[in-house]
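Data block below; observations after.
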There are 2 protein chains.
Amino acid sequence: MADDPPRPTDAELEILTVLWSIGRATVREVHEVISRRRPAQYSTVLKFMQIMAEKGLVRRDETQRAHIYQAARPREWTQRQLAGDLMERAFSGSAKALLMGALAARKATREELAEMRKLLEAYRKGEK
Amino acid sequence: MADDPPRPTDAELEILTVLWSIGRATVREVHEVISRRRPAQYSTVLKFMQIMAEKGLVRRDETQRAHIYQAARPREWTQRQLAGDLMERAFSGSAKALLMGALAARKATREELAEMRKLLEAYRKGEK
DNA sequence: TGCCATATACGAAGACCTTACTAGTAAAGC
DNA sequence: GCTTTACTAGTAAGGTCTTCGTATATGGCA
């Protein structure tokens, strides 16, 4: 497996999010999704995706004229990196502190709280 | 109250962490703590703290020759911003997903898991 | 075969981030 | 008082991030 890609920037993360959600896609398709939310030039999105290919954040298939892109790492992998990085840098490595921050930022629903409790429970029983 | 300060950069967050831990401090004191961990020029730290003052991330008392700095916002406030921001951008607003990422990044101890469970419990009972 | 639509590639500007040197100034010590 | 020391401010270089205009290539179709 190749080297780990670097932490994505804000704009790069936005594109990765689109790729994770729709899977393999052309620049045009990604641009369409993004420009539905905010103004963005096609060439800007293209540029980002070229840079991301260089960085190893995405892989691309160039056999077609319109290159096909896909995220180089699954969503969960990147989420783990990002959560771990922030936990380290801003919460002195404490998952509990990070959880507190998240709950303070946006109140979770009763259901979400229950699911999280189940998650912790699973971890307690020697979950890997 | 003044405008919310922007999200701190990596280097800024490192300095804030020092300020939160030792409270009010001069550039020299902050520099000493940081250079104990990694090479860093005094003037670099100074420059950062000047920029942070402009951005509103820190406040400074200039009555002494050696200015006294302090974080403009408490640690918890900034942690809430950062957790909320990442939760929004990388976890589509799901606290549960963020928690999963954090747990996957670094296995929590049994005690930490228990404390987190208690935390969720408290939230369930209409905690503010 | 030549034109049009649509791709990619390239270049570049402007903001911000990181780092560090140096000039100038104020305090402190001799 | 004068020198040394310590601090701030200013300047600048080099890198990254974000944005976009434009040039160039390619495939399809009339």
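Order of the sequence lines sets the chain letters (A, B, ...), proteins ahead of strands, with each chain counted from 1. Just so we're clear, the structure is a prediction, and the values are computed from it rather than from any experiment.
What separates CZ of A:R7 from C1' of D:dC17 is a distance of 13 Å, to the nearest Å. Rounding to whole angstrom units, CZ of residue B:R60 and C1' of D:dC7 are separated by 12 Å. At whole-Å resolution of the value, CD1 in A:I68 and P in C:dA7 are 11 Å apart. Atom NE2 of B:H31 is separated from atom P of D:dT8 by 13 Å (rounded to the nearest Å). A straight line from CE of A:M52 to P of D:dT19 spans 13 Å, rounded to a whole angstrom. At whole-Å resolution of the value, CD1 in B:I51 and P in D:dA9 are 12 Å apart. Separating the CD atom of A:E29 from the C1' atom of C:dT6 is a distance of 14 Å, rounded to the nearest angstrom. As rounded to whole Å, 14 Å separates atom C1' of D:dT26 from atom CD of A:E62.
Screening B:R60, B:R65, B:R59 against B:E62 for a salt bridge (charged side-chain N to carboxylate O under 4.0 Å, His left out) leaves a single residue, B:R60.
The nucleotide whose nearest atom lies closest to any side-chain atom of B:F48 is, among C:dA9, D:dG21, C:dT19, C:dT19. Nearest to the side chain of B:Y42, among C:dT19, C:dA7, D:dT8, sits D:dT8. Taking every side-chain heavy atom of A:S43 into account, D:dT22 is the closest of D:dT22, D:dT8, D:dT18. Side-chain proximity of B:T44 to D:dT8, C:dT19, D:dC20: nearest is C:dT19.
Each of A:Y69 and B:E12 was assigned the nucleotide of DNA chain C with the nearest heavy atom; the assignment lying further toward the 5' end belongs to A:Y69.
For A:R65 against C:dT6, a side-chain N or O and a base N or O form a donor-acceptor pair under 3.5 Å. The base of C:dT8 lies outside donor-acceptor range of the side chain of A:K47, with no N or O pair under 3.5 Å.
Contact check on B:E112 versus B:K107 returns no salt bridge, with no Lys/Arg side-chain nitrogen under 4.0 Å from an Asp/Glu carboxylate oxygen. Taking a cutoff of 4.0 Å between a charged side-chain nitrogen and a carboxylate oxygen, B:E12 and B:R7 do not qualify as a salt bridge. Electrostatic pairing of B:E115 and A:K96 counts as a salt bridge here, judged by a charged N lying under 4.0 Å from a carboxylate O.
Residue-level contact check: A:Q50 touches the bases, meaning some heavy atom is under 4.0 Å from a base atom. Among the protein residues, A:T9 comes within range of the sugar-phosphate backbone only, with heavy atoms under 4.0 Å from sugar or phosphate atoms but none that close to a base.
Looking at B:M49 and B:V45, their side chains come closer than 4.5 Å, going by heavy atoms from C-beta outward.
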